[in-house]
Student: 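Let me begin by handing over the structure; questions about it come next.
Note on naming: letters A, B, ... go to the chains in the order of the sequence lines (proteins, then strands), and numbering restarts at 1 for each one. Hydrogens, waters and symmetry mates are skipped; everything else that's a heavy atom, side chains included, is used.
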Amino acid sequence: MAPQTRRLAFPKVVIERDSDTEQSSSDDEGQKEEEGEGPLSESESEEEGKENGFEEKSEENFDAKKKGKAPITISLKKVCKVCKKAGHEAGFKGATYIDCPMKPCFLCKMPGHTTMSCPHRVAIEHGVTPAPHRNTRNALEYVFERQLRPRMPLIKPAYVIPDEVNCAVIRYHSRRVTCLEFHPTTNNILLSGDKKGHVGVWDFCKVSEKMVYGNIHSCIVNNMRFNPTNDGAVYAASSDGTISCTDLETGIALSLMNLNPDGWQGPNKWRMLYGMDINQEKGVVLVADNFGFLYLSGKDQILFFRPPQQIALSIWVDIRTNSKSGEAILIHKKGSKVVGLHCNPIQPELLLSCGNDHFARIWDMRRLEAGSSLYNLPHKRVVNSAYFSPLSGSKILTTSQDNRLRIWDSIFGNLESPSREIVHSHDFNRHLTPFRAEWDPKDPSESLAVVGRYISENYNGAALHPIDFIDVSTGQLVAEVMDPNITTISPVNKLHPRDDVLASGSSRSIFIWRPKAKSEVGEQKDERKIIVCGRAEKKQKFGDQSDDSDDDTCKMKGKNIKSKKSRSKLTPNNLKRKR
DNA sequence: AGCAGATGGATCC
DNA sequence: TGGATCCCCTCTGC
């Protein structure tokens, strides 16, 4: 499928919504008239009509009102489940979610309109605040222009979008997937961490070769990184307060650090590890906790480690030459979670952190002390992730819970305000893994990012949550990929470092996406396989897909398909995008 | 099938 | 600073 923009998709949604709304409101009227609640339902329809901008409808209702029915003061009329007021209802109408008009827009957070009419929902640019015009440059930027710019291509190559599910493991994990990581050298190996602390290793070409190690952590795996000098070992940071180093062959995990050596001493004492990255140059694992502190640990310390001994805090390796060893460094507001750490791919001295104090911060590794950050990048709400661009390391992409992606085009330029803010729905429900927009590591122009979408869209009667590909240099929605069988939200997405492959984690399942064109032209005749885990594990091979899928459409039409029934409908024939 | 629970963040007081 | 309360598209297990 060619990359599809919102502009193409949106009119379809409008049509669905119109008929849905009209139909459901007239249904309501009919039903309530029987119940003797005519006038109330009329006023309800009227408000709904206004909300959607249908003047004719209001007139019709006015006519109906003139015909006259006695007003009733006591009723069992439904109230809005959001604001508890009568006169309107919020929630799903079929597969379309109707916002409560009393609340600010759920998407852009501005008052005066709802998500349905939000300009950011219909704009092809997806709601971009353009970069302020800059005519000042600092000396570093000239260095950037001279040294890095020549390596970047002048003409942006066409994006290749992995937009079709190629294989999947359904209910692979026993809890929701929290992070994914591709093997750095073996193309087909995908690692996944889950909320329970398990780590999965899956060969998605052989598909059935999969393993879940359940003995590594006791709760959420927040981040994983491969050992840059030994790709058979992976580090993981967990909310159990430990960093593990796991041998992928054996599954034997060694604990590199334990911040809760005395066990559970109450929620105020329990330390959880979130952000993690590895600085290859300096040979250290950087990890940050839920109290605002950064810890540095020798990456190769593991070589001297014997389980089940746990390394005490005092033997952390401190790479700083002029400060005390073994000290945690406060890098974000005390008591706030530091959810992301990223080392600059080009400048090993630069570290980027982000957290719940609404800031992303840039640090010089040579001067890591509380309050000594080089720059603080403010956000309106919690920052879920912050990444340097993968090739030049000169851009920054952040995901904040204020439903905005922010892009700084050059860390050498003016960092006072982001170059762009892109409105995007990822303000998540608390029981989801936080959304993190991630760069495409293969894009030489460093402009393509992938991020899951929280809010659903009505696709042929099904409420689906697409995975968005966004050109962060323009804010344009390059593609939204979805599959009728994936009705759950996909907050975790990872693009392959070399292949045109997307891995996404949705609830307990993992999906591998490849470009549809490839299998169509037979360049790479992949067998699409789905493995369903569970009580009776069965293997399904995707058969030929017939175009006649109206049956499924009808089944899904007009209801929110987030039900167990529809979730279990994962069959070869209905795994087909209906647009 | 229906419901509780998970332990998240914003906001108000 | 801390407790209470609310929440909007979850998902699972009992």
Student: Assess, by modelled atom type and distance only, whether the side chains of A/S509 and A/R171 contain a donor and an acceptor separated by less than 3.5 Å.
Tutor: no

Student: Could you please name the option among B/dA10, C/dC9, C/dG13 that lies closest to any side-chain atom of A/R175?
Tutor: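 Looking only at side-chain atoms, A/R175 lies closest to C/dG13.
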
Student: Check whether the side chains of A/W202 and A/S192 place a donor and an acceptor atom closer than 3.5 Å, and report yes or no.
Tutor: no

Student: Looking at every strand, decide which applies to A/H173 at a 4.0 Å heavy-atom threshold: base, sugar-phosphate, or nothing.
Tutor: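 A/H173: no heavy atom of the nucleic acid under 4.0 Å.
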
Student: Between A/S490 and A/H465, is any side-chain donor less than 3.5 angstrom from a side-chain acceptor?
Tutor: no

Student: Atom NZ of A/K109 and atom C1' of B/dG9: how far apart are they, to the nearest Å?
Tutor: 12 Å

Student: When you check the side-chain N and O atoms of A/S244 and A/S255, is any donor under 3.5 Å from an acceptor?
Tutor: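 No - no donor-acceptor pair under 3.5 Å links their side chains.
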
Student: Round to a whole Å and report the spacing from NZ of A/K196 to P of C/dC11.
Tutor: 17 Å

Student: Measuring from A/H426:NE2 to A/N384:CG, what's the distance to the nearest 0.5 Å?
Tutor: 6.5 Å

Student: For the C1' atoms, the ones on C/dC9 and on B/dT11, what distance do you get once it is rounded to whole angstrom?
Tutor: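 The same atom, C1', in both gives a distance of 22 Å.
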
Student: Quickly work out the A/I170 CD1 to C/dC11 C1' distance and round it to whole Å.
Tutor: 15 Å

Student: Flag the pair A/K109 and A/D427 as a salt bridge only when some basic side-chain nitrogen lies within less than 4.0 angstrom of an acidic carboxylate oxygen.
Tutor: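 Judged by the 4.0 Å cut-off on N to carboxylate O distance, A/K109 and A/D427 do form a salt bridge.
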
Student: Flag as yes if A/Y97 stacks onto the base of C/dC8 (centroids under 5.5 Å, planes under 30°), otherwise no.
Tutor: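 Here the ring of A/Y97 and the base of C/dC8 are not stacked, as the 5.5 Å and 30° limits are not both satisfied.
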
Student: Can you pull every protein N or O that's under 3.5 Å from an N or O on nucleotides 4-8 of chain B?
Tutor:
{"unit_1": "B/dA6", "atom_1": "N6", "unit_2": "A/H431", "atom_2": "NE2", "d": "3.2"}
{"unit_1": "B/dA6", "atom_1": "N1", "unit_2": "A/H431", "atom_2": "NE2", "d": "3.1"}
{"unit_1": "B/dA6", "atom_1": "N3", "unit_2": "A/H431", "atom_2": "ND1", "d": "3.3"}
{"unit_1": "B/dG8", "atom_1": "N7", "unit_2": "A/R430", "atom_2": "NH1", "d": "2.8"}
{"unit_1": "B/dG8", "atom_1": "O6", "unit_2": "A/R430", "atom_2": "NH1", "d": "2.9"}
{"unit_1": "B/dG8", "atom_1": "O6", "unit_2": "A/R430", "atom_2": "NH2", "d": "3.3"}

Student: Would you kindly give the NE2-to-P distance between A/H426 and C/dT10, to the nearest whole Å?
Tutor: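 Nearest whole value for this atom pair: 17 Å.
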
Student: Excluding sequence neighbours, so at least two apart, what forms ring pair (Phe, Tyr, Trp, His ring centres under 6.0 Å) with A/H198?
Tutor: none

Student: Can you find a side chain N or O atom of A/R381 that sits less than 4.0 Å from OP1 or OP2 on B/dG9?
Tutor: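 Result: no.
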
Student: Send over the distance from A/D402 CG to B/dG9 C1', rounded to a whole Å.
Tutor: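 Computing the A/D402:CG to B/dG9:C1' distance gives 13 Å.
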
Student: Under 4.5 Å between any side-chain heavy atoms of A/Y387 and A/R436, yes or no?
Tutor: yes

Student: Nearest whole angstrom, please: distance from the C1' of C/dC7 to the CG of A/D427.
Tutor: 10 Å

Student: Between A/S174 and A/T115, just flag the one whose closest nucleotide in DNA chain C comes earlier from the 5' side.
Tutor: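 Nearest-nucleotide comparison on DNA chain C picks A/T115.
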
Student: Measuring from A/L259:CG to A/Y295:OH, what's the distance to the nearest 0.5 Å?
Tutor: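 Those atoms lie 4.5 Å apart.
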
Student: Please report the distance, rounded to the nearest Å, between NE2 in A/H379 and P in B/dG9.
Tutor: 15 Å

Student: Is the closest basic N to carboxylate O distance between A/K516 and A/D163 below 4.0 Å?
Tutor: no

Student: Counting the atoms with a prime plus P, OP1 and OP2 as sugar-phosphate, which does A/R176 contact under 4.0 Å by heavy atoms, base, sugar-phosphate, or nothing?
Tutor: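 No contact at all - A/R176 keeps every heavy atom at 4.0 Å or more from the nucleic acid.
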
Student: Atom pairs, N/O to N/O, protein against nucleotides 11-13 of chain B, distance under 3.5 Å?
Tutor:
none

Student: Considering heavy-atom distances to DNA chain C, does A/F106 or A/S506 have its closest nucleotide positioned more toward the 5' end?
Tutor: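 In this pair, the answer is A/F106.
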
